[in-house]
Amino acid sequence: MTGTATPAPATDGAELLDAVEHFHRRFNAFPTEAAYVAVTLWDAHAHLLDAFDSTPRIAFLSPEPGSGKSRALEIVETLVPQPMVAVNASAAALFRAVSGMDGRPTILFDEIDTVFGPKAGDNEELRGFLNAGHRRSGVTYRCVGDGANQSVQAFPSYCAVAVAGLGSLPDTILTRSVIIRMRRRAPNEKVEPFRQRIHEKQGHALRDRLAAWAEQVRPALEGKWPDMPEGITDRPADVWEPLLTVADAAGGTWPQRARAACVELVNAAAEDDKASLGIRLLTDLRDHVFQGADRMPTAVILECLNAIEDAPWGDLSGKPLTSRGLSRMLGEYVTGDNKPIKPRSIRTASGVSRGYYAEDLADAWTRYCPPPPPKSATAATSATSQLTDGADVADEATGIRYITPASATTARSA
């Protein structure tokens with residue numbers, strides 16, 4: 001009589017993720033603890049793509065070479081299913097690989113700055129592929145055939161993608177990514193040298209354990225939606241939903257660590273996000289220029305913006321921001337009445353000048369800017385003088401009168 005086969009013991013998900021994290025720590029010097037958590041969860045989620053509606057990209061970015069980005073991709077390569085290393089790969093090659101019969105690859109795109117850097121051109125086709133593949137329903141349409149016998153064919157684009165490169169990425173890709181800002185190792189940060197012939201086998205052993213665990217937990221993930229940390233909504237929630245689901249399935253300390261990492265990295269991305277120059281402008285106007293003032297002349301706004309040391313306003317394509325450029329950028333946003341933000345007349349001690357009102361910017365500040373710092377910045381103080389509640393303060397250098405919120409009602413009736 002043939003006995004029934006004994007089922008394999010269930011894998012401890014928390015212990016397995018601990019082992020994957022430890023493997024990364026041996027060879028990667030990530031900038032924060034949150035980065036180790038995020039990368040480990042991303043490795044595991046790549047084995048479970050069909051359980052999710054979307055897949056976040058993970059982006060290892062740095063301002064300088066020699067920051068460990070390529071090594072991070074090397075370690076990820078040993079842990080994910082069907083790794084496909086791409087350097088300068090065309091969009092056509094990638095979407096044909098993803099829709100091929102050999103299984104969905106995990107694309108590892110090194111030197112992504114050569115594709116989207118300032119000298120690389122737009123590469124809209126590749127950008128479209130990476131954006132479409134973020135969603136399970138994502139497809140890329142292409143004409144197939146010769147001459148008059150061509151037909152439109154949909155190629156599935158859904159796949160996990162990790163990228164590494166210098167600088168930044170197009171905002172449409174950044175907002176779909178977990179961003180790891182890499183940096184060069186300090187003298188006291190030690191990692192093991194990665195020897196492919198030795199350590200690749202160790203990574204593959206963990207990869208196989210991840211694959212087996214994924215098969216074990218996949219049925220239980222059907223219809224599961226993780227509880228998001230407070231304040232994590234919209235696109236950041238889409239990015240982190242699969243990773244938090246993996247953490248919940250693993251158990252142990254991973255659900256708590258994952259949510260702490262989510263909040264930390266989402267906040268860091270909001271603070272460091274320079275992909276949208278418009279958002280940077282709005283934020284600098286709120287935190288460095290207006291600082292509670294009711295209105296501000298354009299000349300003083302430009303003076304204050306150019307005084308911010310780490311801001312780009314003094315050198316936009318070799319020239320400082322002008323009043324026309326300021327008007328054009330702010331005109332992309334609207335007031336609370338759904339009208340484009342435009343300069344208006346401001347009465348000053350020396351006459352009437354053009355400038356902007358805080359009430360016109362308030363809706364855009366609320367919708368687009370990260371939360372304000374606990375204390376307002378003071379970069380603009382020297383240009384605007386110190387404002388006090390209920391008083392109009394005249395700047396002798398410019399002859400401009402700045403009006404505080406407390407006195408705004410009186411000023412409008414003037």
Side-chain angles (χ1 to χ4, degrees), residues 59 61 63 167-177 179 181 230-237 239 263-317 319-336 338-344 355-384 386-387 402 404-405:
L61 304 175
S168 190
L169 292 169
D171 60 342
T172 54
I173 298 175
L174 276 181
T175 57
R176 292 171 168 85
S177 302
I179 304 168
R181 299 287 182 185
E230 184 177 356
I232 305 300
T233 60
D234 301 325
R235 184 58 60 78
V239 168
V263 172
E264 179 178 336
L265 292 177
V266 168
N267 287 341
E271 292 172 3
D272 297 338
D273 182 20
K274 297 179 183 177
S276 171
L277 207 59
I279 292 178
R280 175 66 189 264
L281 175 60
L282 289 170
T283 305
D284 282 351
L285 287 174
R286 182 194 66 187
D287 297 343
H288 296 270
V289 180
F290 279 79
Q291 301 185 75
D294 173 72
R295 62 197 73 176
M296 196 71 68
T298 298
V300 178
I301 289 176
L302 294 173
E303 182 182 348
C304 295
L305 288 173
N306 288 326
I308 304 172
E309 291 185 358
D310 62 343
W313 313 119
D315 185 11
L316 292 175
S317 301
K319 298 179 180 180
L321 181 65
T322 64
S323 59
R324 179 174 295 179
L326 179 66
S327 175
R328 183 175 63 251
M329 292 181 68
L330 290 179
E332 297 291 330
Y333 302 92
V334 297
T335 67
N338 206 34
K339 297 178 180 178
I341 297 173
K342 294 182 178 180
R344 293 197 278 151
Y356 294 85
Y357 284 68
E359 62 182 4
D360 292 342
L361 295 161
D363 188 71
W365 284 338
T366 301
R367 294 178 184 273
Y368 296 103
C369 296
K375 294 183 179 180
S376 298
T378 58
T381 302
S382 61
T384 63
Q386 185 65 42
L387 298 177
Y402 301 98
T404 62

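Scope of the values below: all heavy atoms of this structure, side chains included, with no hydrogens, waters or symmetry mates. The chain is numbered in sequence order, starting from 1.
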query: With side chains defined as the heavy atoms from C-beta onward, is the minimum distance between L285 and L305 less than 4.5 Å?
result: yes
Contact summary for G167 and L61, nearest pair of heavy atoms: O-CB, 3.6 Å
message: Tell me every residue that passes side chain to side chain contact (heavy atoms under 4.5 Å, CB included) with E332, counting only those two or more places apart in sequence or in another chain.
response: none
message: Using every non-hydrogen atom in the two residues, find where L321 and M329 come nearest and quote the distance to one decimal.
response: CD1-SD, 4.2 Å
message: Which residue is it: L361, D360, D363? I am looking for the one with a side chain to side chain contact (heavy atoms under 4.5 Å, CB included) to T335.
response: D360
Minimum side-chain heavy-atom gap M296-Y356 below 4.5 Å: no
field: Shortest non-hydrogen contact between T298 and L326, atoms and distance
entry: CG2-CD2, 4.1 Å
statement: Minimal heavy-atom distance between N338 and V334, with the atoms involved, is OD1-CG2, 3.7 Å
- prompt: What are the two closest non-hydrogen atoms of C369 and R286, and how far apart are they?
  reply: CB-NH1, 3.5 Å
- request: Any chance you could measure L265, atom CG, to I232, atom CD1, to the nearest 0.5 Å?
  value: 10.0 Å
message: My understanding is that only residues two or more places apart in sequence, or in another chain, count here; which of them pass side chain to side chain donor-acceptor pair (under 3.5 Å) with W365?
response: none
More than 12 heavy atoms from other groups under 6.0 Å of CZ on R235: yes
For A311 against D284, the heavy-atom pair lying closest together: CB-OD2, 3.9 Å
query: Is there side-chain contact between W313 and L281, with heavy atoms separated by less than 4.5 Å?
result: yes
field: Side-chain (T283) to main-chain (I279) donor-acceptor, under 3.5 angstrom
entry: yes
message: Quick check: do F290 and C304 have side-chain heavy atoms less than 4.5 Å from each other?
response: no
